There are 2 protein chains.
Amino acid sequence: MKDGKNVTSLDLALACGVSQGTVDRALNDRPGIKPETKRRILEQAEVMGFRLNLSASSLATGRNRLIGLVLFDLENRFFAQMANCVTRSARQAGYHVQLMLTGKDPIEEQYCLDQLAGRRVDGVILCTVQKGEAFVRRLREARIPVVLTGNRIPDETIGQTDPERSIGKDAFPFVGIDDFRAMHDAICEVLARGYRRLVFLAPSLSRAGKGNLYAQEQRLAGARSAFSEFGLPAGSFRLLDRKPSEKLMNACIPGPEPDTVLVCSSDLYALDMLHLFTKRGFQLPRDLGLLGFDNLDILRYVSPRPATVDIPMNDLGDAAVRMLLESIGGRTPESLYLPHAMIPGETLR
Amino acid sequence: MKDGKNVTSLDLALACGVSQGTVDRALNDRPGIKPETKRRILEQAEVMGFRLNLSASSLATGRNRLIGLVLFDLENRFFAQMANCVTRSARQAGYHVQLMLTGKDPIEEQYCLDQLAGRRVDGVILCTVQKGEAFVRRLREARIPVVLTGNRIPDETIGQTDPERSIGKDAFPFVGIDDFRAMHDAICEVLARGYRRLVFLAPSLSRAGKGNLYAQEQRLAGARSAFSEFGLPAGSFRLLDRKPSEKLMNACIPGPEPDTVLVCSSDLYALDMLHLFTKRGFQLPRDLGLLGFDNLDILRYVSPRPATVDIPMNDLGDAAVRMLLESIGGRTPESLYLPHAMIPGETLR
DNA sequence: CTGAAAGCGCTAACAA
DNA sequence: TTGTTAGCGCTTTCAG
């Protein structure tokens, strides 16, 4: 990729004996050009291997036809599905997607956002781990349309996260499910099956204070709320914030009891725990109930199939793109909450 | 994102009472600037919310610090792992990754490549479905360093794919495993366990002729080769090129026989088939042997755990980045073949 | 150590 | 229908 510079629109113009303006008209289907001339130019462009320089184009127009998609990682199939869906959806609208991974690190996330802002992308779909006034201000200053997913950022004027339900205004348009309601409803179904003790596994909550854990917090709150509605003693609700491991299994559920249900804030944890229990010779749901969250598509290969809560990923991806385009168009879309659904699976009695 | 234009380096210069050149020196750690001046400028930049316009920068320098990663999709965890790994690895080298998904569609793929070329990315890691002289020429004309993964493109001068082993020159540096050898070795291990009939499932092969199926073809060839080495009749080797389905299961393995092994060219198919057989009440490996390929990380949640062939994804991602950087640096890296390994799992007797 | 000026390649408004 | 021209924002000589 050394020698021989790239062919520019000027080279092309010269070669065709026309002006750059005419070349531009030919290349961009702009009106006011003789079909014959256009044909000649396009042909020559092909011959010379002309490639539009998008940086220059973007610089000149201020537009990009590019949107940024910022996610944690792709370990979780959840995000992979999202990426697929958003890419497809955006493409249909004539946009490209630049996917960036943050690994849940605020520093990395900011880096990604700066990069996207620097590239003057037309908009960003963001799954953030940040929150707070400073972050919101900075994001606003970037003057880039943003749609949030995963974690909301309630508008500061509304005050803190209110565990007792009150979906208020958002600092940025959000699309996702109502995590509180989703977990609440799922737990109600679980408890209706007779479970009386609940272990709630949510490793990420240990990062509390350090980042935006809105969705996780809401799920926990939803579970607690449902638990108390069933009149069960708070002491029977146990919260664990460690990653799945043998030790954790031992320490916290010494002998699985049939009236205990293990609730995991993510299917990934549920799968790990299921794996551990099975290896240890326990049988689900005989010895223990299990509920995950996300309805990862890989669950269908697992036996017994974990109970979980479905998030309509495809609709979510489509909606995110639609909302972002709206926002790019100058309107401010309302936050959108999609329907969730509990899926019983085979790990509940 | 309407009103209020973005702050430019000129605005910044004016505000600081210096020239654009000086601002540039401050912003890019270039020598020849008084520390005091630099400090003042950086401070002011912060205050004014200055953001470097990367399009302009890229236009002026011709560089980008951006590499493209072109993959099929993220349905397959295989690619998700790859994306994670490449992103991490590239970031460490100071590069950003633009991930683009092709859905295995040659048209889409070309679209992605054109887009990346237009953006003048510094290099591309590509998993292609294309091949042939025209494609190679076009890719070369883009004058962008390329590293291939997944499917090789043997140099045309070498001639057609030779099923009988001869890893020759590549049109572009390639990194991956030796698919022929990997499958060959795995099948040898399988046959050594006493299987005498083999069903090879590779849906993608039906696209033959339409695209680059190098890896798939090699795997098939490797299997055939091993099969014949064991002196088994060619008639006992059955190739299926349909997607997993009930019908396929019925049609092709009416009653599983204990001396039959089902070999899938991808773990995804293996999982689907396992699922179907299990649902139908068959037990593996009692009724049938099963071998997948890729060693997807989700296998560990599945029981019985499918036998498979491991590809060292992380090493592969790292190597791809390393090779690409080498290529960007002007050298031409050699193709690299990483070690594979058969993993017996629990679906072989 | 700093300023001035000429591009990078493309677009858009205005002339012709 | 086509040409001309003035930027877009940053980098990079070359003077000062």
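Since the model is a prediction, treat every value here as computed from it, not as a measurement. The sequence lines fix the lettering, A, B, ..., with proteins before strands; numbering per chain opens at 1.
- Between A:L74 and B:F79 the shortest side-chain heavy-atom distance does not fall below 4.5 Å.
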What protein N or O atoms touch nucleotides 5-9 of chain C N or O atoms at under 3.5 angstrom, if any, and at what distances?
unit_1	atom_1	unit_2	atom_2	d
C:dG9	N2	A:A56	O	3.4

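- B:F50 meets the ring pair (Phe, Tyr, Trp, His ring centres under 6.0 Å) test with no other residue; sequence neighbours excluded.
- Under the side-chain contact (heavy atoms from CB on, under 4.5 Å) criterion, A:R25 pairs with A:T22, A:R30, A:I33, sequence neighbours left out.
- In terms of the side-chain contact (heavy atoms from CB on, under 4.5 Å) criterion, residue partners of A:L42 (sequence neighbours excluded) are, by chain and number, A:L27, A:K38.
- Salt-bridge annotation for A:R39 and A:E36: present, with a side-chain N of the basic residue lying under 4.0 Å from a carboxylate O of the acidic one.
- Under the salt bridge (charged side-chain N to carboxylate O under 4.0 Å, His left out) criterion, the residue pairs touching residues 47-63 of chain A are A:R51-B:D114, with sequence neighbours excluded.
- Within the 3.5 Å criterion, the main-chain N or O of B:I67 finds no donor-acceptor partner in the side chain of B:D122.
- Not a single donor-acceptor pair under 3.5 Å links the side chain of A:D73 to the backbone N or O of B:N84.
- Counting only N and O atoms by type, the side chains of A:S89 and A:D318 include a donor and acceptor under 3.5 Å apart.
- Side-chain N or O atoms of A:N212 include none that pairs as donor or acceptor with a backbone N or O of A:K131 at under 3.5 Å.
- Residue contacts for B:G17: at a heavy-atom cut-off of 4.0 Å it reaches the sugar-phosphate backbone alone, with no base atom in range.
- A:E326 is linked by a side chain to side chain donor-acceptor pair (under 3.5 Å) to nothing, counting only residues two or more places apart in sequence or in another chain.
- Rounded to 10 degrees, the angle separating the terminal axes of the helix from C:dC1-D:dG16 to C:dA16-D:dT1 is 40°, with each axis obtained from five end pairs.
- In the region residues 37-46 of chain A, proximity to DNA chain C at under 4.0 angstrom, judged on heavy atoms, holds for none of the residues.
- Protein chain A contacts DNA chain D over a range whose 5' and 3' limits, counting nucleotides with an atom under 4.0 angstrom from a non-hydrogen atom, are D:dT1 to D:dG9.
- For the contact set between residues 23-32 of chain B and DNA chain D, defined by any heavy atom under 4.0 Å, the members are B:D24, B:N28, B:R30.
- B:S57 places no side-chain N or O within donor-acceptor distance of the main-chain N or O of B:N53, the cut-off being under 3.5 Å.
- B:E334 meets the side chain to side chain donor-acceptor pair (under 3.5 Å) test with no other residue; sequence neighbours excluded.
- Between the A:R120 side chain and the A:N64 main chain, no donor and acceptor come within less than 3.5 Å of each other.
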Identify all side-chain donor-acceptor contacts of residues 92-103 of chain B below 3.5 Å with residues at least two apart in sequence or on another chain.
unit_1	atom_1	unit_2	atom_2	d
B:Y95	OH	B:R65	NH2	3.3
B:H96	NE2	A:Y111	OH	3.3
B:H96	NE2	A:Q115	OE1	2.9
B:T102	OG1	B:L71	O	3.4
B:T102	OG1	B:K104	N	3.1

